[in-house]
Structure formats: C-alpha cells, structure tokens
Amino acid sequence: MKGKMPAQPPKSPPPRRKPKRRSVARLLLIGVIGWSAAFALLAVLGVSLAVAMSMASLPSYQELMKSPQGQSVVIRAADGTELVTVGPSYGRWLPYNEIPAPMIEAMKAVEDRRFDWHPGVDPIGMLRAAKVNFEAGRTVEGASTITQQLARNLFLTRAQTYGRKVRELILAMAMERKYSKQQIMEAYLNRVYFGGGAYGIDAASRKFYGHPASQLDLEKAAIIAGLVKAPSRYAPTADPERARGRAKVVIVTMRESGAITPEQAASADVDSVHFVVDRNQGDVRYFTDWVLTQLETLTDEAEEPLDVTTSLNPRHQAAAEAAAKAQPIGGTQIAILAMRRDGAVTAMVGGRDYATSIYNRAVVARRQPGSSWKLFDYLVALEEGMTPDSAVVDEPLRIGNWSPRNSNGRYLGAMSMKQAFALSVNTVAVRLAQRFGFDSVAAMARRFGITTPISTQPAMALGASEATLIEMTAAYASIAGGGVEARPWAIQSITTASGRTLYNREPDTPRILVAPFVAQHMTGMLRAAVETGTGRAAQIGRELAGKTGTTSSNKDGWFIGFTPDLVAGVWMGRDDAKPVRGLAGGQAPARAFAAFMSRALTGVAPTPLDDEVSVPGYAVTEPDAEAYGLAPGGELFDNGGQPVNPGQLDPSLRADAPAAPPAQPEAAPAPLTDKWLEEATARGPEV
C-alpha cells in the first residue's frame, strides 16, 4: 500500500556479560583478613574476659593497704655465725595528697611517662623497647608500666617467664579498672622496694635521710626514684656515690619530660644530700652491704625469707677492724680486705666507722695504687724472658719531656731486677715498661682483673692510673695461687626458710693467667721487698711476700701481701685526695697489714712460700707457651734472628756497659710532683 513503511526486522537482545572471576590471590587476602579479624575479636574477647575475672579477684583498696609484703634476709659467716638480719621495714602509709609532688613527678618521669593516660600497659613503650632490643640483639630495655610493676610486686613473682608476663599484663589492666590512677600511684609509692630493707617512700626516707617522706624535696625525691631500677645496686647503703649519680639521670629525665623547668634542673644539687646511718650497726656492714648487692644476680626468690652463708671469717673480720683502729692518722680513712687464694673474701673494712660513713673504700673507691702497680711491669718482663737475677741499671731516664725520679732522689747504678723491685726503683720500672711496651703492661693488668681505665702514658708504669683495693688484692692473690685467677666472691649458698636450696657455689674453672714459674719468680721478688726492701715494716715472723705503694705527695698509701694461707690489702688516704704528711705504703699501711696478719693467723702453722722455680731455665716449653709470650716453636721471641738472652735487658743496661756521659745541669730530671703526674695522665689514651 502506497505510503506504508516497510516492516523493521526485530532487534536482537544485547549480549549478556560474563561474570568476572575473582583471582585466587584476592580471595586468599580476603580470607586472611577475615580470619585475622575473627582471631583478633576472639583475642579481645578472651583478654576482656580474663581482665574481668582478674578484676573480680582483686582485693578492695582498703585490703590492699593492709597487706604489706617483704622479705627478710639472714646473712651468716662461713661458720654459721649470724652477721646481720635485714628485714623489711615499712614507714607510715602516706595518702596521695600528702606525697610531695616532686616524688610523684620523679617517679613518672623515670618509670612511666604515659602513666596518666595508658590503660595499664603502654603500647608505645612496648614498641620502642622491642625496637631497641631488636637492634641490640638482646634485652636491654623494658616497657613495664608503674601499674605492671605494682601488680608484679603485690601478686606475682620475679620469675622471667612468658606466663608470668601475660598474667602481669592482665592484672595491670584489671587494676586500672578496679582502682583509680591516684590509688595506683599511692599504693606503688607506699609498697615498692627501695633497697636497704625499706619498702615504701616513707621507710626509705627515714632510713636514708632520717625524716618522713612528707619532707622530701626534689633532690631527695630524685635519689629515691632512681633506686627502683636496681635497689641493691643504687641504694645509698650499698654505694652513696652511685645513688647520687643515678639521681642526676633522674633530674635530666624530669627536665626532658617537662616535669621540671630547665632552671629547676640546673639548680638541683644532688651532691649536697647527706645520708644517715643506723648507729647500731658494726663495721661488718661494709661486707654485708656488698653481699646484698649480689643477691639479685643469684636468685629471683622474692617472697620466702632467705638464709645466706658467706665466706667471711669472724676471726679475720675482728682482726681487720682492730688493725684499722690501731693506725689513727688524722683525717685519713682506711680500707682492709682479706681473701683466700681462690678469691673467697674473709674480711672487709671499708672505712674507719660504718656509723659515720657507709662509703665502702675497699670495693668502690678508685685510687692511684702507686708502686704496688709495679707488679704488672715486672710480670711482663718475666713473661718476656727476664729473671729476678737479670741485670738492670738505676740511672737517669728521660721519655719526651718527662723524667721519673726515685723517692730519695739518688741513683744506685747496676743491680739485679730483684733488688730493683725490692727497693721500688722507679727508673727501672719505667724502663722495663718502655722496653716491653706500656700497652703490654696495661694488657697484663687487664688479664689480672683490673677493670678501671688505664692510661698508656709512661707514668702508668708507676701506678698513675686508678684501681680499687679489691681488684688489686685479687691480682696479688692470683700470684699467691701460682698464677691461677682469683676472682673475688662472698656468697657460698642461699636457702629459703623452708630449706629449699636456691644457690650453692661451685668452684670456678681454673683460669691460668701466667705460667707457674712466672708466679714463682714474682713471689720471690715480693718476698725480697718484705725482707730487704720497702716493706720491712710488714714482717710478722713468718714467710711473707708483699709490696708497698705510695702516690705523689703522699696522697695514698698501700700495702698488699700474702702468706701461703691468706692474702690481704690495705689502703690509707683522705677521701678528698689531699696530701697526708708522712703517709707512705711502707709505714702505716704496712704496720696495719702486719697487725691484721698477726692476729688473723694466730694458731695457723707457718708454711713456706712457693718461690722455688721448678722449671730448669728456659729450655723447657710450657704447654701454653704462646699465651705466656713464647714463640710457637718453644724459643723466646728472637731479636733480629738471634736468641734473646733471658738475663739481659738491653746493651745499655748491662752492668759492664760503659758509663753514661755525665748529665748536663739543664737536663737534670725533674722531681716527682703532682704536676707531671697530672700532665702525664691528662693526655694518655685509655685501654
């Protein structure tokens, strides 16, 4: 039909899109996320349930205040005699509003900066500690909050296990919900252990300062806050100077955290704080305080009372106390320490009167040992092949701008090495150290247990570096033991009140420091120092070996010596290191040593010293020849391909060597004064 549009073909339907196939990786990722979320939810629910259950089991705050905890410690001598009982002491419970603000802020700054807002655990601190420990490869930093520490102190033990740590975390979160922040801080400051048997800040304040904690100022609060990290190590009863040093760190931390202003930090004078001491204590407390510092490293028992048996000999201790009081030189202090050849400390006096000064000069004080240090100079020479009969010459010596002088200002010329040691000739000691190396002397001192910094400038050969009496005495004990290390120790066993043994000392594996013949040669020279040399005042009518030590301007006097049965060291001087007229190692210290030894060895049969060398010359090689300075083939290290003559130091020191040209007046050696010692030690590298 005209005008009619042609029919359109039907439209085909659009093609159906195929559904996208999800990748396996995406499905796996979704699954991991889903399961992780599920596990996280379950973990949260589990922790919440555990916290709720723990919260229900916690006592009320009033009950918490009534449940003091602590631990008594009985320290005994080797024969079972009770020396002292250190029991827990508690002061008055201080409510939060009576605790001085510096005490609260100091504790927050040093122990838990985010205390005011965390829920009992500190995630930021935990992440930081994990990072630090990972980088160090070992545990060097913890992340326990104040709440965690309180939970551990009140309800748990100090056992280092994951189970205990998990319980600690749960208890801390429960306590944050049960108690307020102020209650937690209040309980913490009234219950935490601060050392010296003191639990809580009031007990600590009364013990260390003699007044209640409500009177604490910034400096004293900083000292107490610093004790929590290691109470036995930092307590003023153990080491007052270390306590002050730790408090200075607390002051800096408070300034960095904003708890105090820079002006307040700068004006804080921790060194002016004075400590009080219970006057009902005897001088044996120097020893028992030292013992208490070692308990934490030997046991983690924190609840049962402990019974500690030590190496102390009551007769030796009485002899040491009597000898210390028998040498009263105005303004001086004295330290006496005795030990057996295996390092067992049998007596310790750290000062003239524990009641007036708890500073332990036998263990803590670092002083210049003077000529007693020459032990290490001569040990190096003996290891390198010299003998006591080797020829040496006492004559002027100059090293750079320094010239050592003998105490009498004279030079004796040719002599044997034994004579030089007995007479404590300075020039020979320095020349030996120069010949074989000042580094070698420092290494020898390190080998014998000296841990303090050692200068390698020439003056070190005369004892210009500092050392402690206990380390120097142990070094001499190693010679008395035939060259076997004597490592000082005091605790023989630790048991609980119920009879459970926590620690029983096993003898150390013998560690040979020098060959036996070297020790025998050294013993012979030490014997000569007592019989014919500077130590004659120490004679007690039996075979004895020892050495004097006197520092410049008579600031320090030493005598260290031994019989086959006992080793002892004596130091005398002023705490402020001022010169003492007439103080010399061969005088008052040697007399104090003789007084101690005579009484301590009463009833002990005399025995001979081991100074007879059993090795025929140097033809026989010791098993550990290389360790003793011998070449791998058994010969002494050569000198340009030629064997070294053990009896010869160097051509210039031979007894028949041509006389040295007379010294010019302008080249005369300077006297031994404080100035050259200060200059010689100020620039020297330390090892």
Is it the case that the side chain of Arg366 and the backbone of Ser465 share a donor-acceptor pair, with hydrogens and angles ignored and the cut-off at 3.5 Å? no
Pairing of Asp271 and Lys248 as salt bridge, 4.0 angstrom limit: yes
Criterion salt bridge (Lys or Arg N to Asp or Glu O under 4.0 Å) on Asp575 and Arg361, from CA distance to verdict: CA-CA 9 Å; Asp575 286 338; Arg361 298 155 187 86; 2.8 Å; yes
Checking Arg244 side chain against Ser272 main chain: does a donor-acceptor pair fall under 3.5 Å? no
Any donor-acceptor pair under 3.5 Å from Gln368 side chain to Ala464 backbone: yes
With the threshold set at 4.0 Å, does a side-chain nitrogen-carboxylate oxygen contact exist between Asp283 and Lys325? yes
Salt-bridge present (Glu383, Arg447; N to O < 4.0 Å): yes
Tyr354 vs Tyr286, test: ring-ring contact (aromatic ring centres under 6.0 Å, His included). Steps then yes/no. CA-CA 7 Å; Tyr354 181 87; Tyr286 288 114; 5.1 Å; yes
Scan for side-chain hydrogen bond (donor to acceptor under 3.5 Å, both in side chains) pairs involving residues 533-542, sequence neighbours excluded, and state none if there are none. Thr534-Thr548
Determine whether Glu395 and Leu412 make a side-chain contact, defined as any pair of heavy atoms from C-beta on separated by less than 4.5 Å. no
Is it the case that atom CG in Asp576 sees more than 12 heavy atoms from other parts of the structure closer than 6.0 Å? yes
Taking all atoms of both residues into account, what is the closest heavy-atom pair of Ala474 and Ala486, and its distance? CB-O, 3.5 Å
Please check: side-chain N/O of Ser598 versus main-chain N/O of Ala594, any donor-acceptor pairing under 3.5 Å? yes
Looking only at atom types and distance, does a side-chain atom of Trp373 sit under 3.5 Å from a main-chain N or O of Met460, one as donor and one as acceptor? yes
Face-on cation placement of Lys547 at Phe421 ring, 6.0 Å and 45° thresholds: yes
Going by an N to O cut-off under 4.0 Å, is there a salt bridge joining Arg527 and Glu531? yes
Side-chain donor or acceptor of Asp611 paired with backbone N/O of Thr523 under 3.5 Å: no
Given the rule in the side-chain contact (heavy atoms from CB on, under 4.5 Å) test, do Thr550 and Lys555 qualify, once you have shown the distances and angles that lead to the verdict? CA-CA 8 Å; Thr550 308; Lys555 295 178 181 178; over 6 Å; no
Would you find a donor on one side and an acceptor on the other, under 3.5 Å apart, between the side chain of Thr456 and the backbone of Asp439? no
Are any side-chain N or O atoms of Thr563 and backbone N or O atoms of Leu566, one a donor and one an acceptor, separated by less than 3.5 Å? yes
Within the side chain of Ser390, is there an N or O that forms a donor-acceptor pair under 3.5 Å with the backbone of Thr387? yes
Please check if the side chain of Gln419 supplies one atom and the backbone of Ser416 the other of a donor-acceptor pair under 3.5 Å. yes
Any salt bridge (charged side-chain N to carboxylate O under 4.0 Å, His left out) involving residues 474-487? Give me the pairs, sequence neighbours left out, ordered by first then second residue. Glu485-Arg487, Glu485-Arg511
